Amino acid sequence: YKSLKAVENLVKQGITDTSILTDTVISTLDKDIELEYIEYRDFETFKKTDKVSKNTLTAIAVRVGKTRLIDNIILG
């Protein structure tokens with residue numbers, strides 16, 4: 001959740017490039033958290049996107065030990 005909120009704050013500042021946003025996610029994760037995936041998709045068509053725009057779904061899955069955590073947020 002902390003990583004998704006960091007991404008949300010960057011988008012509010014006008015940063016929409018998903019590679020920059022993904023780098024932010026990676027840098028905000030604690031060392032004991034393993035990133036499985038992060039994806040950015042248009043909320044209506046569910047197509048992948050390289051730029052966050054209105055109603056971009058950002059989904060993340062991580063592992064903490066044997067536990068898998070999944071979360072998402074709508075950006076834009």
Side-chain angles (χ1 to χ4, degrees):
Y1 182 75
K2 178 175 76 173
S3 295
L4 290 176
K5 292 307 279 185
V7 166
E8 181 180 48
N9 287 333
L10 288 176
V11 170
K12 286 179 180 178
Q13 295 173 29
I15 298 170
T16 60
D17 185 307
T18 59
S19 63
I20 294 169
L21 300 175
T22 297
D23 288 345
T24 299
V25 167
I26 292 168
S27 69
T28 60
L29 290 176
D30 293 338
K31 293 180 182 179
D32 59 338
I33 298 176
E34 174 190 350
L35 178 64
E36 284 193 359
Y37 70 81
I38 184 162
E39 291 192 358
Y40 306 88
R41 296 187 175 257
D42 180 280
F43 186 71
E44 293 181 20
T45 65
F46 214 58
K47 290 182 181 178
K48 283 187 179 183
T49 182
D50 293 330
K51 298 280 183 195
V52 171
S53 60
K54 185 175 174 147
N55 292 327
T56 299
L57 173 70
T58 303
I60 187 171
V62 298
R63 280 207 183 269
V64 181
K66 293 182 179 182
T67 304
R68 186 174 194 223
L69 303 170
I70 300 171
D71 204 355
N72 64 74
I73 193 168
I74 304 283
L75 301 171

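Because the structure is a prediction, the values reported are computed rather than measured. By convention here, the first residue in the shown sequence is residue 1.
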message: I'd like to know whether T28 forms a side chain to side chain contact (heavy atoms under 4.5 Å, CB included) with K5, so could you lay out the CA-CA distance, the side-chain angles of the two residues, the decisive distance to 0.1 Å, and finally the verdict.
response: CA-CA 10 Å; T28 60; K5 292 307 279 185; over 6 Å; no
task: Would you please test T22 and I38 for side chain to side chain contact (heavy atoms under 4.5 Å, CB included) and show each step?
output: CA-CA 7 Å; T22 297; I38 184 162; 3.7 Å; yes
- prompt: Please walk me through it: do V11 and E8 pass side chain to side chain contact (heavy atoms under 4.5 Å, CB included)?
  reply: CA-CA 5 Å; V11 170; E8 181 180 48; 5.8 Å; no
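Y37 OH: more than 12 foreign heavy atoms inside a 6.0 Å radius. Shown here is D50, whose CG atom has no more than 12 heavy atoms of other residues, nucleotides or ligands within 6.0 Å.
A 4.5 Å side-chain heavy-atom check between Y1 and I73 finds every atom pair outside the cut-off. D42 places none of its side-chain heavy atoms less than 4.5 Å from the side chain of N55.
In this structure, T45 OG1 and L57 CG are separated by 10.5 Å, a value rounded to the nearest 0.5 Å. From N9, atom CG reaches atom CG of L4 across 11.0 Å, with rounding to the nearest 0.5 Å. Distance check: S3 OG to I33 CD1 gives 7.0 Å after rounding to the nearest 0.5 Å. Put simply, CG on L75 and OG1 on T58 are 3.5 Å apart, with the number rounded to the nearest 0.5 Å. The distance from the OH atom of Y40 to the OG1 atom of T49 is 10.5 Å, given to the nearest 0.5 Å.
No donor-acceptor distance shorter than 3.5 angstrom exists from the side chain of D30 to the backbone of D32, with no hydrogens or angles considered.
Linking Ile, Leu, Val, Met, Phe, Trp and Tyr residues whenever their side-chain heavy atoms come within less than 4.5 Å places I15 and I60 in a single cluster. Tracing side-chain contacts under 4.5 Å through hydrophobic residues (I, L, V, M, F, W, Y), one reaches I20 starting from V52; they form part of the same cluster.
Applying the salt bridge (Lys or Arg N to Asp or Glu O under 4.0 Å) test to every pair with at least one member in residues 61-76, sequence neighbours left out, gives these pairs: E36-R63, E36-R68.
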